[in-house]
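Have a look at the structure below, then the notes.
In the text below, chain A, chain B and the rest are named by the order of the sequence lines, each starting its count at 1.
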2 protein chains.
Amino acid sequence: MGRGGRERNGHAGARALDVAALAGVSTATVSRAFNAPEKVAPEIREKVLKAAAELGWMPHPAGAALASRRTWLAGVLIPTLDNDVFASQVGALQTRLSADGVTVLIGCSNYDADQAANQVRIMLARGVEALAVVGESHRPGFFETIAGRGVPYVVTYSHRPGSPHPSVGFDNAAAFRRIARHLLELGHRDFGLIHQPSIDNDRVLARLEGLRTTLAEEGVALRPQHVREGPVSIAFGRQSLRSIMEAPGPRPTAVVCGNDALAIGALIEARALGIGVPEELSITGFDDVAMAEQTDPPLTTMRVDNAEIGRRAADYLLACLAGRQPPPPPPLESRLILRASTGAAARSA
Amino acid sequence: MGRGGRERNGHAGARALDVAALAGVSTATVSRAFNAPEKVAPEIREKVLKAAAELGWMPHPAGAALASRRTWLAGVLIPTLDNDVFASQVGALQTRLSADGVTVLIGCSNYDADQAANQVRIMLARGVEALAVVGESHRPGFFETIAGRGVPYVVTYSHRPGSPHPSVGFDNAAAFRRIARHLLELGHRDFGLIHQPSIDNDRVLARLEGLRTTLAEEGVALRPQHVREGPVSIAFGRQSLRSIMEAPGPRPTAVVCGNDALAIGALIEARALGIGVPEELSITGFDDVAMAEQTDPPLTTMRVDNAEIGRRAADYLLACLAGRQPPPPPPLESRLILRASTGAAARSA
DNA sequence: CAATCAGATGTAAGCGCTTACATAGCACTT
DNA sequence: AAGTGCTATGTAAGCGCTTACATCTGATTG
């Protein structure tokens, strides 16, 4: 500005000073009446609140943030809200943080590491005090940038033993080892796999690794012609199952799917092809969405409590903000839900 | 503070002044190098950027917001993220706003008007510059509070002709009139209805009204024993269909559902009960979720482009922020998707 | 060659609030 | 009566940045 005058502040609303004047107190008291009511005599507090209401005043966020060095903002970075799994995680996180007065700012990476970095940069520029990010496959320096600003963070949806980051999630590799063991125990030796894009996606990569390793221990390998990678959709599940079953050579007796949407697609297509599930073909999903128990046959899948991930992430961050140095949260358990889409391997492939 | 001294600023990071010193320029130039690069000579800009990188500096959001009176924050209020419909709306909104540098802050009301008011209060206290809120059934003064702070807003997911608020959505009543007409044309006279909770929910209320009115025009009334209101879930859809079909008296030949989850539940239960769809019973949904075309038989439903709602809401708000006075956005069309779950009414009820 | 002008940079006044410290008032002690 | 604690309130110094205006430098022009 430079000028002495802005006397009549062009526009906008009341300032703390106006409220103070109207209430006949100082701005310090106005501030305290709002931020530390117990430090202000009840009748004065009343007066201040009344004056504020009359002027429609509320502390200006930027002024407050600047002076108090608190923004009460936390950020969450997810691939997309179009996936229930992340949506419910964010929902639970928001609910929990909101209860402690922290507001959630959201960023979507669309499964792209550059967008992820960019969204986080912007959230930091908006003053987030804590951050929850899905996964740990990010650009080099990604976590350093966050930590460098003194912002506590937590990785969600995966929990890799040995990861240097605090994380709230489950062990994706272990979850798929569990699925693999289940099918091996049923006698399956010929497997198919339909999964989501794995690029920049540590969760998917860990799952594939868990599956492959466990199969390999029994001397079983996935044939490339029985593996499909593509978008998460019922349609892709259908089309993949069909092309897998049409591939030359012996058919798989079990098809493992990266999530329930793909598995439901596979199930629908198997029915359309007249392939009996589970007599001829076992199919597994992942997530245990609501629909999974309603399919025909109901889907064997892994259950993960996504809302719980959000809640724990929130609790962890809240503890960090409170200045405590919480221990890294323990991994969550994923649980195999046995339903009728898996059964003993057919005699011959 | 009061003291002269905080000489060595206890903690934290570099300030614009430090960057300025390192780069050998004034803070004004530092600021310009970041916010209006074209106003700074290229070589000086370089120097500033280098100095900033070296110190790990980034404009402090509160300082910037205070001085510039811009927060680049927008809020979105929805009932819950657990519903795809809202999740995809928020996702699209976020994507669009983010492209213009606006970050999205999220609040969930859990379908409760008090929580809605509270969340909005908090978002205003965090400095949102624009707001998208689902629905217009809110506490008295809700919109006045927002408008009173000069914050532009838009109502989403409903578009009631005659509403005083700018809104981006479709006409819920008209959509259900359309469904009703479809079924009436197929000869149905006995209707059932399974719908979500209607309290504080103008969208649901409008739908019920559209349905009832259209049926009434043909002299048809919904029998209370054929109406169920409850949670949005496949399970509630199943259980409702069963109890409707078990109710004494003539059975409905068509059951209208408030959304696809309920309809899918109804469909599954009909199959379980051995009731032929559509020969004996027609069932309709709403939303056209991915699963709707995969059910057996595929579900007749209304398609609404939720992402488009988010996008248009974002565009409208962006235009407001740009100082334009955009015309209120036109309503979206919802479209009846005819599939095999509806058919001619059975001869006798 | 002086005058004019445009562009680049610096100067410094806030933006509106919080909070450390000072102070005033009051009730008790001793 | 003076001293001792408290508590409730006021004082005023920033928090870190942006930006209007002033200034300076060169280039352009008549």
Side-chain angles (χ1 to χ4, degrees), chain A residues 1-21 23-48 52 55-72 125-127 149, chain B residues 1-21 23-48 52 55-72 125-127 149:
Chain A
M1 315 287 142
R3 251 20 1 60
R6 53 177 269 300
E7 317 325 57
R8 274 309 70 233
N9 175 336
H11 64 323
R15 296 181 318 300
L17 192 62
D18 303 319
V19 176
V25 300
S26 72
T27 59
T29 298
V30 171
S31 174
R32 282 189 287 255
F34 275 75
N35 304 315
E38 76 285 0
K39 291 188 169 173
V40 177
E43 65 274 25
I44 301 243
R45 193 192 311 152
E46 277 314 304
K47 264 202 310 210
V48 172
L55 298 175
W57 181 85
M58 167 186 291
H60 183 111
L66 187 54
S68 68
R69 288 120 173 298
R70 293 290 265 123
T71 60
W72 300 97
R126 299 284 174 269
R149 313 200 79 71
Chain B
M1 315 283 141
R3 248 26 358 61
R6 53 177 268 300
E7 316 326 52
R8 274 308 68 234
N9 177 337
H11 65 326
R15 296 181 318 302
L17 193 60
D18 304 319
V19 176
V25 300
S26 72
T27 59
T29 299
V30 172
S31 173
R32 282 189 287 253
F34 276 75
N35 305 314
E38 77 284 0
K39 292 189 170 172
V40 176
E43 66 272 27
I44 301 242
R45 194 192 310 151
E46 277 315 304
K47 266 202 309 210
V48 172
L55 298 175
W57 182 84
M58 167 186 289
H60 183 110
L66 187 53
S68 69
R69 286 118 175 297
R70 293 289 266 125
T71 59
W72 299 97
R126 299 284 175 269
R149 313 200 79 72

Partners passing side chain to side chain donor-acceptor pair (under 3.5 Å) against R70(A) (at least two apart in sequence or in another chain): E129(A)
Provide, to the nearest angstrom, the distance between the [atom1] atom belonging to [X] and the [atom2] atom belonging to [N].
X      : N       : atom1 : atom2 : value
I44(B) : dC24(D) : CD1   : P     : 17 Å
E43(B) : dT9(C)  : CD    : C1'   : 12 Å
L66(B) : dT19(D) : CG    : P     : 12 Å
L17(B) : dG16(D) : CG    : P     : 11 Å
W57(B) : dG16(D) : CH2   : P     : 12 Å
H60(B) : dT18(D) : NE2   : P     : 11 Å

What's the spacing between R45(B) CZ and T29(B) OG1 if we round to 0.5 Å? 12.0 Å
Sequence-distant partners of W57(B), ring-ring contact (aromatic ring centres under 6.0 Å, His included), two or more places apart: F34(B)
Hey, does the side chain of R69(A) come within less than 4.0 Å of dG16(D)'s phosphate (OP1/OP2), counting only N and O? yes
Between R32(A) (side chain only) and V40(A) (backbone N and O only), is there a donor and an acceptor less than 3.5 Å apart? no
Return the minimal non-hydrogen interatomic distance between A16(A) and V30(A), and the atom names on each side. O-CG2, 4.1 Å
When every non-hydrogen atom of L55(A) is compared with those of A14(A), the smallest separation belongs to CB-CB, 3.8 Å
Of all of residues 25-40 of chain B, which get a heavy atom below 4.0 angstrom from DNA chain C, listed by number? V25(B), S26(B), T27(B), A28(B), T29(B), R32(B), V40(B)
